[in-house]
**Q** 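Before I ask anything, here is the structure I am working with.
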Amino acid sequence: MLMASITRNELHPTHVSSIQNNSTSSEIPYGSYVLSVTYDGSKRTACLKMYYPKTRKIFLSHDNTGHLPYCFSNLSKEELEKINKLRNHPGFDHMELSKKYDPLMDKEVVMTKIVAKDPLAIGGRYSNHIRDIIPKAWEANIRYYNCYTYDQQLFLGMPYRVENGNLLLAEYHLPQDINSDMKKLFEAEDETFRNYIDSWMKLFQYPIPSIYRVALDIEVAQPVENRIPDSREAKEKIIAVSLVDSDKKKRVLLLKRPSVKMGKGDLSQVDVEFYDNEKELILEIFKILNQYPVVLTFNGDDFDLRYIYNRALNLGFQRHMIPIELQLRSTSLKYGIHIDLYKFFFNKAIQIYAFRKKYSRLTLNSVAKSILGIGKIEIETSPSRLTYVELVNYCLMDSELTFQLTTFDDELVMKLIIVLMRISKMPIDDLIRQGVSSWIRNLMYFEHRRLNILIPRSEDILHLKGQTTTKSIIKGKKFKGAIVVNPKPGVHFNIAVLDFASLYPSIIKIYNLSYETILCSHSECKLNMIPDLPYWVCNKRKGLFSTIIGSLRDIRVKWYKKKVKDYSLTRSLRNLYNVVQLTLKVLLNASYGVMGAENFTLYCPPLAEAVTGIGRYSITKTIEKANSLGIEVVYGDTDSIFLKSPTQHQIDELLSWSEKELGMELEIDKHYRYSVFSTLKKNYLGVYDNGDVDIKGLTGKKRHIPDFLKTAFMEMISILGEVKSPSDFERAKIKIKKIIRTCNDKLKKKQYNLSELALNIMISKTPDKYVKTTPQHVKAALLLVNAGYEIRPGDIISFIKTTNDLGVKPIQLATIREVDTNKYRNYLESTFEQVLDALSMDFNEIMGIQKLESFFSNAS
DNA sequence: ATCTATGGCAAGCCGA
DNA sequence: TCGGCTTGCCAT
């Protein structure tokens with residue numbers, strides 16, 4: 001409905017036509033990429049933002065979404081009667097009957113569509129009327145309309161062209177070699193599956209445009225230090241704005257202030273502009289915001305753009321003059337698109353799967369440092385006290401880093417965003433601000449609509465499929481998860497680690513798992529049981545979820561992952577393939593999780609349970625098989641097993657057994673020269689053949705422990721990396737002893753400074769919200785609050801263990817004299833013991849010998 | 001108008 | 001003093 005109603009004449013850029021000076025045509029040109037669709041619910045209009053790479057402009061189309069209907073499934077005769085009487089209602093236009101497939105019942109249902117004359121009638125008195133006469137049906141489908149691809153199947157992030165006033169997806173054919181690859185790889189699959197493969201490939205292989213964009217950062221006068229300016233009040237002046245764009249143009253706009261000195265330094269790389277008053281400065285910002293299709297910020301939703309908006313209001317601007325729109329939690333632009341990179345990098349799935357947890361703190365500085373390797377300039381005072389030159393450099397650094405976050409690795413982040421748009425069918429604005437569950441929900445809804453399948457309500461799924469039957473090991477969880485094998489403590493040489501290539505998605509594919517196929521309504525299927533669980537799976541119909549996740553998995557594992565390693569391809573092509581591979585990884589890893597999340601609209605507990613259940617079954621069987629082949633399994637977790645000195649033949653046997661018996665691809669993931677296990681699960685260390693060391697779960701690596709411990713621990717690690725054979729251990733052990741001793745010595749002599757001693761723990765709520773207990777970092781945070789600091793959720797509290805009665809003090813308030821050396825010695829002990837144990841070394845013994853030695857050295 | 005899941009460890013809090 | 005519970009961080 002949305003797209004069909006767009007005609008040539010309606011495609012006019014509205015209030016921004018003046019700034020599109022080089023485009024006289026009002027139609028959307030061939031190859032314009034759809035970046036965003038937003039709906040204004042109250043006005044029943046949609047705003048389409050399309051980007052045309054050639055002119056680097058955005059085209060806006062404000063489109064009437066027309067007569068939004070209500071759809072109800074399976075109304076009774078009486079209800080239909082009542083609706084017929086509605087025909088006299090002034091809001092009523094017409095009624096249509098159509099058919100949809102109900103996946104839960106596996107049958108066709110009749111849909112009743114009621115269309116209102118006046119779109120505004122919906123949500124008003126007319127809708128109340130409908131609710132009154134068909135209360136049951138009212139619940140049916142309202143959620144149906146909240147999706148961005150209503151009715152028309154619009155591909156976000158894809159190029160369109162205009163033909164006869166309609167938007168059409170630009171044609172694109174897969175290259176012949178890819179086509180034949182696909183044919184070869186998937187010839188065993190059925191037609192539906194192959195069709196999915198084909199359409200995914202098209203989505204991923206379409207060209208990805210480079211988007212013209214600017215990064216923006218503002219500085220605000222700061223009368224009180226340690227106090228973050230409030231973007232809601234916007235009381236202080238905006239003193240500087242920095243901009244970095246795709247043309248590498250750097251600009252800094254400065255507010256003239258009488259007391260500020262110019263200062264010294266080189267500014268030849270920057271265009272610096274002075275403004276006599278703030279209003280002019282803000283006008284210039286507005287001009288810029290209307291000039292770029294994409295504006296990047298780091299935390300602009302909450303700060304920069306919000307501040308500019310409110311500041312503008314304070315200075316007497318009218319709302320319609322401001323090219324910014326405030327939402328509750330986000331800030332958008334009237335012309336272009338605002339990407340708040342903070343929100344994107346905040347996304348857990350992105351952090352873990354796309355960036356392998358490279359950054360541990362969510363500040364521009366930390367993210368930039370760990371991803372780009374560049375840090376920010378630290379300033380001692382508030383920006384207000386800087387000279388102009390200092391201010392320019394300081395402010396510019398922020399937007400430069402922000403910009404670079406989207407350019408490193410051949411524009412990895414921008415490409416990631418576009419590929420995600422294409423899979424999830426979501427506009428940028430929402431995509432970067434919402435979590436992975438929304439992405440998957442949207443993707444699933446899109447497929448339902450495309451195939452004319454009724455989107456079920458959560459209540460219906462829950463009612464039909466029921467709750468879980470297994471008990472979790474951890475208290476308070478909903479169902480049983482994965483198996484972790486008890487490790488065999490000690491040092492093991494020659495370890496091969498095998499794992500299943502994306503275990504859970506494989507299970508979803510192979511066992512045909514989907515909310516509609518598990519516990520399906522056919523009695524014949526009840527024999528098709530899932531191992532060790534009281535659930536059966538349909539063998540009459542292919543599950544939608546299963547096909548979608550399965551095809552995505554196969555594409556990633558069988559094609560993209562392989563192509564990334566194909567060095568005959570160009571670097572940029574491999575890079576592109578890597579982007580797709582990463583994107584799929586993010587989605588696939590979340591695919592099982594969402595099914596077990598209450599908030600997910602297709603929440604289906606037995607499904608999630610079946611996935612982990614089959615997972616447990618698979619790894620258990622594999623371990624049994626390994627043992628029967630005479631291989632010793634030293635450890636295993638969820639989808640991996642660690643084998644001690646297996647022969648190539650044994651491995652081959654195991655791999656082919658898995659392929660044949662389980663239908664799953666078991667692979668060699670990595671090989672350790674040796675590994676060190678303690679008695680603890682999820683705690684080990686593995687040394688690769690090249691000497692690199694994998695550290696898993698050990699305390700010495702965790703984010704919150706003091707730096708002095710981390711450094712000492714890493715010293716030990718590098719020594720372990722040098723060990724090549726059992727005989728090397730003796731020398732290594734001596735070196736390790738030395739490390740621990742010197743560390744202890746330095747502790748005693750108080751040679752570490754406060755920042756090396758500080759524990760760094762994130763506070764996840766505001767301090768007053770901790771009611772059940774008051775952990776130490778919260779105690780420290782409260783001291784900070786008393787001292788006038790502002791503490792927000794997500795802040796990292798750095799504190800020292802001290803001898804005062806609280807036991808802690810924040811680093812800002814502590815002195816070296818108060819340090820509780822005993823406590824730190826205990827940390828030293830527990831951190832190292834995890835490894836020492838396995839090396840059959842003893843911490844106290846090391847310390848004991850130390851006493852003797854120092855006795856001798858003192859005596860001599 | 002949102003926030004994938006469970007398993008496991010260390011440390012500390014706090015009531016019994 | 002003990003043990004259950006809370007918190008944060010990590011593995012998969």
Side-chain angles (χ1 to χ4, degrees), chain A residues 39 41 142-143 146-148 327-330 346-349 352-353 357 360 430 433-442 468 470-487 497 499-500 502-504 586-603 605 607-609 611-613 615-616 619 635-640 669 678-684 694-705 759-765 769-779 796-797 801 807-808 823 826-827 829-831 833-834:
Chain A
Y39 282 88
I142 287 307
R143 221 182 283 111
N146 279 342
C147 224
Y148 306 99
Q327 280 93 41
L328 201 60
R329 262 171 278 269
S330 64
F346 186 82
N347 188 314
K348 264 258 150 67
I352 295 173
Y353 297 115
K357 271 176 110 190
S360 52
D430 300 320
R433 291 175 176 85
Q434 292 180 15
V436 66
S437 68
S438 309
W439 304 346
I440 296 177
R441 188 239 295 136
N442 237 45
T468 55
T470 55
K471 266 222 179 95
S472 63
I473 291 178
I474 300 175
K475 227 176 130 187
K477 304 283 183 187
K478 285 165 292 193
F479 56 92
K480 200 181 214 117
I483 286 180
V484 187
V485 180
N486 260 318
V497 183
D499 72 353
F500 291 105
S502 35
L503 176 68
Y504 288 169
V586 172
L587 252 96
L588 291 169
N589 277 310
S591 63
Y592 128 81
V594 293
M595 284 298 174
E598 284 116 324
N599 292 327
F600 187 60
T601 41
L602 301 173
Y603 173 51
L607 180 54
E609 216 179 353
V611 174
T612 58
R616 291 194 296 276
I619 193 173
Y635 181 63
D637 186 345
T638 313
D639 61 353
S640 62
D669 180 30
S678 65
T679 54
L680 301 177
K681 294 170 172 180
K682 295 186 190 281
N683 270 275
Y684 67 88
D694 236 2
I695 313 163
K696 300 288 183 179
L698 299 175
T699 306
K701 184 189 132 173
K702 293 195 174 175
R703 174 175 79 176
H704 68 273
I705 70 151
L759 286 103
N760 310 294
I761 298 183
M762 192 189 64
I763 188 161
S764 52
K765 304 181 269 193
K769 294 238 171 72
Y770 287 82
V771 277
K772 285 172 179 154
T773 55
T774 314
Q776 296 201 316
H777 64 293
V778 179
K779 286 183 177 152
I796 304 243
I797 309 293
K801 298 286 250 179
V808 289
K823 278 272 180 336
N826 290 343
Y827 278 133
E829 177 170 359
S830 58
T831 306
E833 200 127 56
Q834 288 181 331

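Below, read A as the first sequence line, B as the second, and so on, with proteins coming before strands; counting in each chain starts at 1.
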**Q** Which is true for G481(A) with a 4.0 Å heavy-atom rule: it touches a base, it touches only sugar-phosphate, or it touches nothing?
**A**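 Sugar-phosphate only.
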**Q** Is any side-chain N or O of S764(A) closer than 4.0 Å to OP1 or OP2 of dG8(C)?
**A**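 Yes.
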**Q** In whole Å, I'd like the distance from the CG atom of N826(A) to the C1' atom of dG12(B).
**A**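 Whole-Å distance recorded here is 13 Å.
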**Q** Does T612(A) reach the main-chain N or O of K480(A) with its side chain, forming a donor-acceptor pair under 3.5 Å?
**A**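 Present.
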**Q** If the cut-off is 4.0 Å, is K701(A) near the phosphate of dA11(C), judged by side-chain N/O to OP1 or OP2?
**A**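 Yes.
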**Q** Less than 4.0 angstrom between a side-chain N/O of H777(A) and OP1 or OP2 of dT7(C), yes or no?
**A**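 So the side chain of H777(A) is outside the cut-off, no N or O lying under 4.0 Å from OP1 or OP2 of dT7(C).
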**Q** Just checking K477(A): base, sugar-phosphate only, or nothing, at a heavy-atom cut-off of under 4.0 Å?
**A**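 The answer is base, as K477(A) lies within the cut-off (heavy atoms under 4.0 Å) of a base atom.
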**Q** Please compare N599(A) and K475(A) by the position of their nearest nucleotide in DNA chain B and report the one closer to 5'.
**A**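 Nearest nucleotide further toward 5': that of N599(A).
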**Q** Examine dA10(B): is either OP1 or OP2 under 4.0 Å from a nitrogen or oxygen in the side chain of Q834(A)? Give yes or no.
**A**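 So the side-chain polar atoms of Q834(A) do come within 4.0 Å of the phosphate oxygens OP1 or OP2 of dA10(B), strictly under.
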**Q** Using 4.0 Å as the upper bound for N to carboxylate O, is an ion pair formed by K681(A) and D637(A)?
**A**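 Between K681(A) and D637(A) there is no salt bridge, as every charged N stays at least 4.0 Å from the carboxylate O atoms.
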**Q** Look at Y827(A) and dG12(B) and indicate whether a side-chain polar atom (N or O) is within less than 4.0 Å of OP1 or OP2.
**A**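 Yes, such a contact exists.
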**Q** Counting any heavy atom closer than 4.0 Å, what does S640(A) reach on the DNA or RNA strands: base, sugar-phosphate only, or nothing?
**A**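 Since no nucleic acid heavy atom lies under 4.0 Å of S640(A), the category is nothing.
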**Q** Quick one: is dC3(B) close enough that its OP1 or OP2 comes under 4.0 Å of any side-chain N or O from Y603(A)?
**A**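 Answer is no, no contact under 4.0 Å.
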**Q** Using the C1' atoms of the five pairs at each end, what is the angle between the end axes of the helix from dA5(B)-dT12(C) to dA16(B)-dT1(C), to 10°?
**A**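 Computed angle between terminal axes is 10°.
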**Q** Give me the distance, rounded to whole Å, that separates dA11(C) from dT4(B) when you measure between the C1' atoms they each carry.
**A**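 After rounding to an integer number of Å, I get 16 Å for this pair.
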**Q** Quick check: does any side chain N or O of K478(A) sit under 3.5 Å from a backbone N or O of T468(A), one acting as donor and the other as acceptor?
**A**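 No: the side chain of K478(A) does not pair with the backbone of T468(A).
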**Q** Can you figure out which of dT4(B), dC9(B), dT7(C) approaches the side chain of L680(A) most closely?
**A**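 Closest of the options to the side chain of L680(A): dC9(B).
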**Q** In whole Å, what is the span from the CG atom of N760(A) to the C1' atom of dT7(C)?
**A**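 One finds 16 Å between C1' of dT7(C) and CG of N760(A), rounded.
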**Q** When the distance from NZ of K779(A) to P of dT6(C) is rounded to whole Å, what number comes out?
**A**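 Interatomic distance, NZ of K779(A) to P of dT6(C): 17 Å.
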**Q** Measure the spacing between OH of Y684(A) and CD of Q834(A) and express it to the nearest 0.5 Å.
**A**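 Separation between the atoms: 14.0 Å.
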**Q** Output, in order, the C-alpha distance, side-chain angles, deciding distance and verdict of side-chain contact (heavy atoms from CB on, under 4.5 Å) for E833(A) and S830(A).
**A** CA-CA 5 Å; E833(A) 200 127 56; S830(A) 58; 5.6 Å; no
**Q** Using OP1 and OP2 only, check whether a side-chain N or O of K801(A) sits under 4.0 Å from dG12(B).
**A**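 So the side-chain polar atoms of K801(A) do come within 4.0 Å of the phosphate oxygens OP1 or OP2 of dG12(B), strictly under.
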**Q** Side-chain N or O of K765(A) versus OP1/OP2 of dT7(C): is the shortest distance under 4.0 Å?
**A**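 It does, given that an N or O in the side chain of K765(A) lies less than 4.0 Å from OP1 or OP2 of dT7(C).
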